[in-house]
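Here's the structure, in structure tokens; my notes come after.
No hydrogens, no waters, no symmetry mates; every other heavy atom, side chains included, goes into these values.
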Amino acid sequence: MGRRALLLLLLSFLAPWATIALRPALRALGSLHLPTNPTSLPAVAKNYSVLYFQQKVDHFGFNTVKTFNQRYLVADKYWKKNGGSILFYTGNEGDIIWFCNNTVVCQYLKNPNVSDSLLLQNIFQALNVYYNYSGQVKCLNISETATSSLGTLGWSYQACTEVVMPFCTNGVDDMFEPHSWNLKELSDDCFQQWGVRPRPSWITTMYGGKNISSHTNIVFSNGELDPWSGGGVTKDITDTLVAVTISEGAHHLDLRTKNALDPMSVLLARSLEVRHMKNWIRDFYDSAGKQH
């Protein structure tokens, strides 16, 4: 396995949307065990630069040309400037600073001139940063895609049943190894892991796809700084199918705990959402009272 493949392999593990079922070669990493008495990882100096670039908000269509300043970090302390490889670490929904301060990946990958065996061990140590940040885990669970408090395998099961999201890569327009979308392969992997098979048409059959005008009492909230908003409902459909647009909001910011730094648009969105729900509850009881 080449070094480029190993670096991309590392990225696929660190990204939350990584493939649901792991190929046999990748599962081998999950069987690597830590020392009997693991120790916590040392604190890491903030050896990075904070930069910004103009990012498109909508990657799904051409209805908006809005952009926002997307933050990214550059850590080049161990980078070989003349022809050195670049590790592009992405895919998290959390604070990028937090992830960077708790990710010491580069210190294990700073020397490319090592044997394949040692390189594999170094990649394991890099994975260990993500999957064993506490230093207390004896065996890595590389199929884990969420925090334990949320149910570490919940998304895997959901993606194997109701929320089927096709992914494919070609190695030309992206940074990953070529891999075609294969529903049968996904189905077989899901069946092996969960004993279930995905239902690609379930969501549109159950909820109507774009034809949802007969539904009621739904708030569709979208932050204008959330790239996913391009695929969301951003205009009212009926009086009870309402869209709440948050000009200063990112991904589901309105659903997070109240914070002193919350922008006014988020505070107003939460207030509007609560008002809609109170109205729906009141209307329900008014209607029930009239029937009796």
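Under the salt bridge (charged side-chain N to carboxylate O under 4.0 Å, His left out) criterion, Asp262 pairs with Arg270, not counting sequence neighbours. Shown here are the side chain to side chain contact (heavy atoms under 4.5 Å, CB included) partners of Pro200, two or more places apart in sequence or in another chain: Leu183.
Closest approach of Phe176 and Thr169 over heavy atoms only: CB-CG2, 3.8 Å. Val164 approaches Pro198 most closely through the heavy-atom pair CG2-CB, 3.6 Å. Contact detail for Asp254 and Glu273: the closest heavy-atom pair is OD2-OE2, 2.6 Å.
Shown are Leu272, Val266, Asn222; of these, the side-chain contact (heavy atoms from CB on, under 4.5 Å) with Ile246 is made only by Val266.
Sorted by first then second residue, the salt bridge (charged side-chain N to carboxylate O under 4.0 Å, His left out) pairs that include residues 235-244, not counting sequence neighbours, number zero.
One distance of note links NZ of Lys66 with OG of Ser229; it measures 8.5 Å at 0.5 Å rounding. Atom CZ of residue Arg197 and atom SG of residue Cys190 lie 9.0 Å apart, to the nearest 0.5 angstrom. To the nearest 0.5 angstrom, Ser271 atom OG is 10.0 Å from His276 atom NE2. The CZ atom of Arg256 sits 7.5 Å away from atom NE2 of His251, with the distance rounded to the nearest 0.5 Å. Taking CG of Asn182 as the reference point, atom SG of Cys168 lies at 11.5 Å (rounded to 0.5 Å). The NZ atom of Lys278 sits 14.0 Å away from atom CG of Asp283, with the distance rounded to the nearest 0.5 Å.
Judged purely by atom type and a 3.5 angstrom limit, Ser287 has no side-chain atom pairing as donor or acceptor with the backbone of Phe284. Between the side chain of His215 and the main chain of Tyr207, a donor-acceptor pair closer than 3.5 Å is present. The backbone N or O of Val244 lies less than 3.5 Å from no partner atom in the side chain of Ser221, so there is not a single donor-acceptor pair.
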Give the C-alpha distance, both sets of side-chain angles, the deciding distance and a yes or no for salt bridge (Lys or Arg N to Asp or Glu O under 4.0 Å) between Asp286 and Lys290. CA-CA 6 Å; Asp286 287 348; Lys290 292 178 182 178; over 6 Å; no
Side chain to side chain contact (heavy atoms under 4.5 Å, CB included) evaluation trace for Trp181 with Leu186: CA-CA 9 Å; Trp181 166 247; Leu186 172 68; 3.4 Å; yes
Report the C-alpha distance between Val233 and Ile237 in whole Å, list the side-chain angles of each, state the deciding distance to 0.1 Å, and finish with yes or no for side chain to side chain contact (heavy atoms under 4.5 Å, CB included). CA-CA 9 Å; Val233 177; Ile237 299 176; 4.1 Å; yes
Show the numbers, then the answer: is there a side chain to side chain donor-acceptor pair (under 3.5 Å) between Gln54 and Thr67? CA-CA 6 Å; Gln54 286 294 308; Thr67 63; 2.6 Å; yes
Verdict with supporting geometry, Trp280 and Thr240, side chain to side chain contact (heavy atoms under 4.5 Å, CB included): CA-CA 8 Å; Trp280 296 336; Thr240 61; 3.8 Å; yes
Phe220 and Thr245: CA distance, side-chain angles, deciding distance, side chain to side chain contact (heavy atoms under 4.5 Å, CB included) verdict: CA-CA 8 Å; Phe220 298 96; Thr245 302; over 6 Å; no
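A continuous path of Ile, Leu, Val, Met, Phe, Trp and Tyr side chains, each step under 4.5 Å between heavy atoms, connects Trp202 with Val163, placing both in one hydrophobic cluster. When the side chains of ILVMFWY residues are joined at heavy-atom separations under 4.5 Å, either directly or via intervening members, Met277 and Val242 end up in a single hydrophobic cluster. Cluster membership check: Tyr48 shares its hydrophobic cluster with Tyr52, using side-chain heavy-atom separations under 4.5 Å among Ile, Leu, Val, Met, Phe, Trp and Tyr. A single hydrophobic cluster is not seen to contain both Leu255 and Met264; linkage of ILVMFWY side chains at heavy-atom distances under 4.5 Å, directly or through other members, places them apart. Cluster membership for Phe53 and Val50, using ILVMFWY side-chain heavy atoms within less than 4.5 angstrom, is not shared.
Side-chain contact of Glu248 with Ser265: a donor-acceptor pair under 3.5 Å is present, judged by distance alone.
Counting only heavy atoms from C-beta outward, the side chains of Gln55 and Arg71 never approach each other to under 4.5 Å. Residues Pro263 and Leu253 are in side-chain contact: their nearest non-hydrogen atoms beyond the backbone lie under 4.5 Å apart.
Around CZ of Arg275, the count of heavy atoms belonging to other residues, nucleotides or ligands within 6.0 Å does not exceed 12.
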